[in-house]
Amino acid sequence: MASATPRYRFAPSPTGFFHVGGARTALYNWILALQNDGVFVLRVEDTDESRNHPQWTQGIVDALAWIGIDSSDRHFEGPYFQSAYAAEHVAAAEALVKSGHGYYCDLTTEQVQQRAKEKGLNGYDGYSRDRGLAPGPGHVLRFRVPEGQTVVRDVVRGDVEFANDTIEDFVLLRSNGSPVFLLANVVDDIAMNITHVVRAEEHLPNAPKQQMLWNALGATPPVWAHVPVLVNEQRKKLSKRRDKVAVEQYRQEGILPAAMVNYLMTLGWAPHGDTEIVPWSQIVEEFKLESVNHSPAFFDIKKLNAFNGEYIRLMSLDEFIAACQPIINSEQVPWPANRFDASVFKAMAPLVQTRVAVLSEVPALVDFLFMAEPMIDEAAFAKAFGAEWARPTLVEIATRFEKCAWTADSLKTEVEAVGTQHDVKLGKLQGPLRIAITGRSIGTPLFEPIELLGRDESLRRINSALQRANR
RNA sequence: GCCCCCAUCGUCUAGUGGCCUAGGACACCACCCUUUCAAGGUGGCGGCACGGGUUCGAAUCCCGUUGGGGGUGCCA
């Protein structure tokens, strides 16, 4: 038998943002498609056409592109929107009635619950199974769940057995005639020749129902794989309301796509060896669905940031500067655009590169160079000028700065000389100077930016700080 | 209620019966380096949920308990 091209479908719902959990599932599907020369099929899942906001679908495509899933690649197909197949969904339902797998029922939700309660059952009792009702207003179409058991062969979990009598005759068509998601999903998968369904574990309880539908529709069920969900610190499934889940947001804050991808891939799976920071090529080479974990993983932003810091430090200086551009040029930046100086930034870049975990931290390390006045941290200022040596030493530093050579090295030498005279270590002595120049008590090494700032402006800031301290 | 899944340091994981007095990473702590802060280096803290089996031998296999999570819609 000739083996067909494997087709992996990725089916996010159009919620207006792209979930990090979805990103990981997408990555799994994508890697599998690459490994097996298969196709990654993107189908946005919603049977309600009114929710097909093109910009949402585009947002998903963009987010996928950001993590390296390129819609122009030959392994990529789509995007499709589910409701485009609505007619086929209904046709499939009708076929199921003909073949005896479906039947109509006129009970309302309340009536179903009432009967279940009276009989001590869990769900629908099959009341209309043999009543031979015709389609009509108020009639839903239900699936006739057969006797026996359904075994879902799951690549990550092994065989999962469900006793069919614990599965009620579920609804296929609503009383208004519209297909439910479960049916639409299966019909689409069959129509698109999907061979592998790799999705989050929360869908596992639906798998037996879907598998029964595949069979009833005369198709061979796909290979199933239910991967563990991502959870928050409370061990609850990540949700938009409680947790930071939108990949767009991480992107905006300056998480590098490679770091995001690498981190995501260490959740529920691990590359060989003692290092977790590995190149994409190694991930593609080594990843195996079979070795994906069974238990939920906590999405740890701290660790993501640590990975990102690693990736930032792995970059060449030019790459780092290039990566900073979106942040540096964004409107969020505290300095006026016309004061920004690319050559100054370039000179600072090496000092900045080892000091940030995410790119959004970059502006705070260089902003004082591009602003007319540094933003003074009052608490830090008060503390730095609290020492009795603070003002006199800074006055001396200013005096020396007026005539010394204007290079970082000689600036440092001058400050050290003042320190020797007053018996204050450089580490402490630079405190008031740093506040005067940068407005903060921490930051990059000091003398390089002072050199960059120039003699006049540096002296002006020192004197301004001295005046402030005298108030 | 019913069904399903899960269980190794705080977190993410390695581990598929002897290589495990359980390895790595993040976080945390200490020290070194140092111009503050980082980065880097060195070291430290810290775990097989519990109880029964099976076996010469169990983190690894089986059963149970407990604990977590998910599903159970005429939502997707």
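Worth saying up front: this structure is predicted, and the values here are computed from it rather than measured. The chains referred to below are lettered A, B, ... by the order of the sequence lines, with proteins before strands, and numbering in each begins at 1.
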Angle class for the A/His53/A/Trp56 ring planes (parallel below 30°, perpendicular above 60°, tilted otherwise)?
tilted
Assigned partner base of B/C33, Watson-Crick or wobble definition, under 3.5 Å:
none
Rounded to whole angstrom, note down the P distance from B/U34 over to B/G47.
36 Å
Whole-Å P distance, B/U11 and B/U55:
35 Å
How far does the C1' atom of B/C4 sit from the matching atom of B/G44, given to the nearest Å?
43 Å
So what does A/Thr108 hit on the nucleic acid, given a heavy-atom distance under 4.0 Å: a base, only sugar-phosphate, or nothing?
base
With P as the reference atom in both, quote the distance from B/U16 to B/A22 in angstrom, rounded to an integer.
16 Å
NA contact type, A/Thr166, heavy-atom cut-off 4.0 Å: base, sugar-phosphate, or nothing?
sugar-phosphate
Length of the line joining A/Lys428:NZ and B/U34:P, which is rounded to integer Å:
19 Å
Send over the distance from A/Phe143 CZ to B/G73 C1', rounded to a whole Å.
18 Å
Would you classify A/Gln430 as touching base, sugar-phosphate or nothing, given that sugar-phosphate means primed atoms plus P, OP1 and OP2, and contacts are heavy atoms under 4.0 Å?
base
Using atom P in both nucleotides, what's the gap between B/G70 and B/G15 to the nearest angstrom?
27 Å
Watson-Crick or G-U wobble partner for B/U11, using a 3.5 Å limit on both distances?
B/A25
For the residue pair A/Arg461 and A/Ser458, confirm or rule out a side-chain donor-acceptor distance under 3.5 Å.
no
Over all strands shown, is A/Phe162 touching base, sugar-phosphate only, or nothing at heavy-atom distances under 4.0 angstrom?
sugar-phosphate
A/Tyr104 and A/His139 aromatic ring geometry - parallel, tilted or perpendicular at 30°/60° bounds:
tilted
A/Arg174 side chain N/O closer than 4.0 Å to the phosphate oxygens (OP1, OP2) of B/C75?
yes
hbond_proxy A/Ser295 side chain to B/C6 base (donor-acceptor, 3.5 Å cutoff):
no
Determine whether the aromatic ring centres of A/Tyr103 and A/Phe143 lie less than 6.0 Å apart.
no
Answer yes if the side chains of A/Trp224 and A/Gln211 hold a donor-acceptor pair under 3.5 Å, and no otherwise.
yes
Counting distance alone, no hydrogens or angles: does the base of B/C37 have a donor or acceptor under 3.5 Å from a partner atom on the side chain of A/Arg355?
yes
Distance check: side-chain N/O of A/Lys412 vs OP1/OP2 of B/U35, anything under 4.0 Å?
yes
In Watson-Crick or G-U wobble terms, both distances under 3.5 Å, what is the partner of B/C48?
none
Under 6.0 Å between the ring centres of A/Phe401 and A/Trp406?
yes
Hey, does A/Gly268 reach any base, or is it just sugar-phosphate, or nothing, if we go heavy atoms under 4.0 Å?
sugar-phosphate
For A/Val140, which contact category applies under a 4.0 Å heavy-atom criterion: base, sugar-phosphate, or nothing?
base
Could you check how far CG of A/Asp106 sits from P of B/C74, rounded to whole Å?
15 Å
Side chain to side chain contact (heavy atoms under 4.5 Å, CB included) test vs A/Asp154 passes for just one of A/Val197, A/Leu204, A/Val223, A/Leu289, namely A/Leu204
Using a cut-off of 4.0 Å on non-hydrogen atoms, how would the nucleic acid contact of A/Gly431 be classed: base, sugar-phosphate, or nothing?
nothing
Less than 3.5 Å between a donor and an acceptor, one on the side chain of A/Lys303 and one on the base of B/A25, is that the case here?
yes
Scan A/Arg440 against the nucleic acid and name what it touches under 4.0 Å (heavy atoms): base, sugar-phosphate only, or nothing.
nothing
Using the C1' atom on both, measure B/C29 against B/G46 and round to a whole Å.
12 Å
Checking N1-N3 plus N6-O4 or O6-N4 for Watson-Crick, or N1-O2 and O6-N3 for wobble, each under 3.5 Å, the partner of B/G73 is none
Using a heavy-atom cut-off of 4.0 Å across all strands, would you classify A/Phe181 as base, sugar-phosphate, or nothing?
base
Among B/C12, B/C26, B/U36, which is the nearest nucleotide to the side chain of A/Ile442?
B/U36
Using a cut-off of 4.0 Å on non-hydrogen atoms, how would the nucleic acid contact of A/Asn122 be classed: base, sugar-phosphate, or nothing?
base
Using only heavy-atom distances, determine whether the side chains of A/Arg174 and A/Ser178 contain a donor-acceptor pair under 3.5 Å.
yes
Which is more 5' along RNA chain B, the nucleotide nearest A/Val229 or the one nearest A/Leu304? Just name the residue.
A/Leu304
Could you work out which one of B/C2, B/G73, B/A14 sits closest to the side chain of A/Ala270?
B/A14
B/C6 OP1/OP2 closer than 4.0 Å to side-chain N/O of A/His294:
yes
Once you round it to whole Å, what is the distance between C1' of B/G73 and CG of A/Asp169?
15 Å
Spacing of the P atoms in B/C74 and B/A59 (rounded, Å)
48 Å
Regarding A/Lys425, tell me which of base, sugar-phosphate or nothing describes its non-hydrogen contacts under 4.0 Å with the strands shown.
nothing
Using a heavy-atom cut-off of 4.0 Å across all strands, would you classify A/Glu168 as base, sugar-phosphate, or nothing?
sugar-phosphate
Exactly one of A/Leu365, A/Val362, A/Thr444, A/Ile321 clears side chain to side chain contact (heavy atoms under 4.5 Å, CB included) with A/Met348, and that residue is A/Thr444
Less than 3.5 Å between a donor and an acceptor, one on the side chain of A/Glu202 and one on the base of B/G69, is that the case here?
no
Phosphate-side-chain proximity, A/Asn293 and B/U13, N/O vs OP1/OP2 below 4.0 Å
yes
Is there a side-chain polar atom (N or O) of A/Arg235 under 4.0 Å from OP1 or OP2 of B/G70?
no
Taking the same atom, C1', in B/U8 and in B/A25, what whole-Å distance lies between them?
15 Å
Here the distance between atom P of B/A38 and atom CZ of A/Arg434, to the nearest Å, is 12 Å
Atom-to-atom span, CH2 of A/Trp224 to P of B/C5 - whole angstrom:
16 Å
At under 4.0 Å, does any side-chain N or O of A/Thr47 touch on OP1 or OP2 of B/A76?
yes
Given atom CG of A/Leu267 and atom C1' of B/U13, what is their separation to the nearest angstrom?
10 Å
Round to a whole Å and report the spacing from CD of A/Glu448 to P of B/C37.
16 Å
